[in-house]
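Scroll down for the structure; my scribbles are underneath it.
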Amino acid sequence: MLSSFSVLSVPRRGAARLAAATLVSTLAAAGVVAGAGPAAAEDTSGGQGGATATIGGLKTYGTAVIHGDGSDQEVSAGLFEMSVEGGGMLQTYCVDIQTPTQKDAKYHETPWSGTSLGANKDAGRIRWILQNSYPQVNDLAALAEKAGVRGGLTEQDAAAGTQVAIWRYSDDADVEAVDPQAERLADYLEDNARDLAEPAASLTLDPPAVSGRPGERLGPVTVHTNAGSATVVPPTDAAMSGVRIVDRKGRAVTSVADGTQVFFDVPDDAAADTAELTVQASTTVPVGRAFASESRSQTQILAGSSESTVAATATATWADEGAIPALSAAENCAEGGLDITAVNKGDEPFTFELMGTAHTIAAGESRTVTIPLQEDRPYDFVIQGPAGHEQRFAGVLDCRTQSSAAGDITTQTVAEPTRPATTGGTATDTNLAETGGSDETPLIAGLALALLAIGGVTLTIARRKNSSEHP
């Protein structure tokens with residue numbers, strides 16, 4: 001017997017909320033959310049764990065000039081600040097010179113493989129620049145002397161020079177700082193940069209999903225963190241379901257450290273269901289970690305961190321019989337898609353369909369399926385598992401800098417800050433760039449997309465009906 005689970009792929013555009021709302025309402029009214037069950041879809045758009053933060057804008061910056069074909073473009077260059085959910089502050093530089101930063105965009109700590117850095121042979125040199133310049137090196141007199149900068153460096157010079165050096169490696173951009181001191185620093189950093197390895201995540205759980213049968217200890221889930229210790233938050237309904245978080249010997253676990261293994265202890269009489277645990281810690285996020293946004297806002301790379309809250313989650317799924325899938329996903333920029341890993345601990349095959357292709361995971365098998373996606377296009381997949389549980393994977397594939405995709409998008413220009421460009425400074429609400437076009441443009445595009453999607457769903461329904469009437 002084959003257990004089959006269906007998937008609905010819904011394109012989304014954050015800028016067109018009305019279009020998205022229209023589409024969702026229409027789908028709900030039509031009753032076409034495949035396999036909708038009593039359990040709400042679990043949103044795994046956050047991905048790999050670590051810090052989650054909201055960007056606040058450029059804080060310390062100068063000015064740079066991008067040299068293009070027959071024209072020059074002036075941009076602000078410097079440090080952004082982010083506020084971390086749960087407490088903490090981050091300082092970042094951007095690694096995508098031509099993409100605008102959306103005010104108040106939410107970002108997640110992300111492996112390099114899920115960003116343009118994953119395919120960039122010079123990503124390690126960017127990390128060297130971060131570790132050997134401002135703000136990691138905050139003795140500006142010593143930094144100026146080492147770089148051969150006469151007249152010293154201001155914070156604005158140091159931030160602008162560092163950002164320019166990063167852009168030369170992240171975007172292969174012909175860019176220079178307007179201020180001579182900042183330009184001299186940029187040249188020094190570019191010339192001396194050496195390849196360094198990607199830093200480890202602040203906190204992850206591996207694997208992020210496990211499965212099995214009631215009466216078993218499901219796992220192990222291994223904690224990886226640079227924090228001295230972390231707190232385990234058990235499933236929210238643990239008292240009612242009887243699910244406990246334990247070690248290999250069955251002892252309850254409330255605190256963990258790097259390398260600790262934990263298990264979901266599921267009672268014998270537990271009905272088919274799913275549960276989630278959270279591990280939370282306070283630590284400094286390693287310099288060089290990438291941060292990707294939930295919307296199309298330029299990718300950031302970490303330059304400095306205060307003591308910040310980090311978290312990661314893992315899920316467990318169990319059932320007495322049938323397919324028992326554990327599902328997780330990660331963006332794979334090398335392949336231009338989303339890797340969906342399915343581990344089936346059940347006694348029947350697990351089948352799901354994505355983008356017109358069926359994928360079957362045999363009983364006892366583990367397999368990773370790469371779903372090809374279009375650059376800069378939002379994705380939203382919902383896969384239904386046992387007992388009506390739905391696993392949701394949502395995000396935006398952002399694997400290339402706009403410089404590497406020249407011609408795909410119109411170059412954006414700086415609308416802020418309003419102060420004279422040559423002064424540099426600090427600001428609280430500065431975007432690096434603003435998108436051209438009128439306010440109505442994304443809404444019109446979103447509505448068109450929604451109508452197309454609705455048409456596609458209607459076609460799918462019609463085909464199913466015809467197939468059922470004409471076997």
Side-chain angles (χ1 to χ4, degrees), residues 55-68 72-82 89-98 101 122 125-194 196 287-288 298 300-306 403 413-433:
I55 198 162
L58 275 169
K59 298 298 180 179
T60 307
Y61 59 89
T63 306
V65 175
I66 308 169
H67 301 295
D72 291 340
Q73 178 189 355
E74 201 169 81
V75 295
S76 296
L79 273 172
F80 290 84
E81 282 190 3
M82 292 186 180
M89 296 295 297
L90 307 177
Q91 292 176 299
T92 62
Y93 291 102
C94 83
V95 291
D96 192 350
I97 194 171
Q98 296 286 13
T101 297
D122 292 320
R125 297 180 187 271
I126 296 173
R127 187 186 178 197
W128 185 95
I129 291 171
L130 293 166
Q131 290 189 332
N132 289 274
S133 191
Y134 181 76
Q136 286 301 302
V137 179
N138 56 17
D139 184 341
L140 296 183
L143 181 60
E145 182 178 359
K146 196 168 187 177
V149 178
R150 295 182 179 179
L153 289 165
T154 66
E155 289 183 342
Q156 290 76 25
D157 294 335
T162 305
Q163 177 65 92
V164 166
I166 289 171
W167 279 334
R168 291 173 182 174
Y169 282 121
S170 66
D171 294 68
D172 195 23
D174 183 4
V175 56
E176 64 180 350
V178 169
D179 185 273
Q181 281 88 348
E183 174 63 12
R184 180 68 188 90
L185 175 62
D187 289 343
Y188 161 77
L189 295 171
E190 179 186 14
D191 293 342
N192 288 275
R194 300 292 181 267
L196 297 179
V287 170
Q298 66 187 175
Q300 305 284 312
I301 190 164
L302 189 72
S305 168
S306 71
S403 298
T413 58
V414 174
E416 298 182 77
T418 56
R419 67 177 65 216
T422 56
T423 63
T426 58
T428 56
D429 298 311
T430 302
N431 289 347
L432 179 66

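Numbers here are sequence positions counted from 1.
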Please round to the nearest 0.5 Å and tell me the distance separating atom [atom1] of [X] and atom [atom2] of [Y].
{"X": "Leu302", "Y": "Phe80", "atom1": "CG", "atom2": "CZ", "answer": "13.5 Å"}
{"X": "Ile66", "Y": "Gln73", "atom1": "CD1", "atom2": "CD", "answer": "4.0 Å"}
{"X": "Leu79", "Y": "Gln91", "atom1": "CG", "atom2": "CD", "answer": "5.5 Å"}
{"X": "Ile55", "Y": "Met82", "atom1": "CD1", "atom2": "CE", "answer": "4.0 Å"}
{"X": "Gln156", "Y": "Tyr134", "atom1": "CD", "atom2": "OH", "answer": "7.5 Å"}
{"X": "Leu153", "Y": "Leu140", "atom1": "CG", "atom2": "CG", "answer": "6.0 Å"}

Mind listing the closest non-hydrogen atom pair of [X] and [Y] along with its distance?
{"X": "Ala165", "Y": "Ala186", "result": "CB-O, 3.7 Å"}
{"X": "Val164", "Y": "Ala64", "result": "CG2-CB, 3.7 Å"}
{"X": "Ala160", "Y": "Ala182", "result": "CB-CB, 4.2 Å"}
{"X": "Gln163", "Y": "Gly78", "result": "OE1-O, 3.5 Å"}

Is it the case that the side chain of [X] and the backbone of [Y] share a donor-acceptor pair, with hydrogens and angles ignored and the cut-off at 3.5 Å?
{"X": "Thr60", "Y": "Ala159", "result": "no"}
{"X": "Asp171", "Y": "Ala173", "result": "no"}
{"X": "Arg194", "Y": "Asn192", "result": "yes"}
{"X": "Gln131", "Y": "Gln136", "result": "no"}

Among residues at least two apart in sequence or on other chains, which ones pass side-chain hydrogen bond (donor to acceptor under 3.5 Å, both in side chains) with [X]?
{"X": "Glu81", "result": "none"}
{"X": "Thr92", "result": "Gln300"}
{"X": "Asn138", "result": "none"}
{"X": "Ser133", "result": "Thr162"}

Indicate yes or no: at least one non-hydrogen side-chain atom of [X] is less than 4.5 angstrom from one of [Y].
{"X": "Val65", "Y": "Val175", "answer": "no"}
{"X": "Ile301", "Y": "Ile126", "answer": "yes"}
{"X": "Ile166", "Y": "Leu130", "answer": "yes"}
{"X": "Lys146", "Y": "Tyr188", "answer": "yes"}

Among residues two or more places apart or on two chains, list those pairs meeting salt bridge (Lys or Arg N to Asp or Glu O under 4.0 Å) that have a residue in residues 183-193. Arg168-Glu183, Arg168-Asp187, Arg168-Glu190
Determine which pairs satisfy salt bridge (Lys or Arg N to Asp or Glu O under 4.0 Å) with at least one residue from residues 125-134, sequence neighbours left out, and list them in order. Asp122-Arg125
Kindly indicate, with the supporting measurements, whether the criterion side chain to side chain contact (heavy atoms under 4.5 Å, CB included) is fulfilled by Trp167 and Cys94. CA-CA 8 Å; Trp167 279 334; Cys94 83; 3.1 Å; yes
So, using side chain to side chain contact (heavy atoms under 4.5 Å, CB included) as the criterion, who are the partners of Asp174 when residues are at least two apart?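 Side chain to side chain contact (heavy atoms under 4.5 Å, CB included) list for Asp174, sorted by chain: His67.
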Could you go step by step and tell me if Leu143 and Leu185 meet the side chain to side chain contact (heavy atoms under 4.5 Å, CB included) rule? CA-CA 9 Å; Leu143 181 60; Leu185 175 62; 4.1 Å; yes
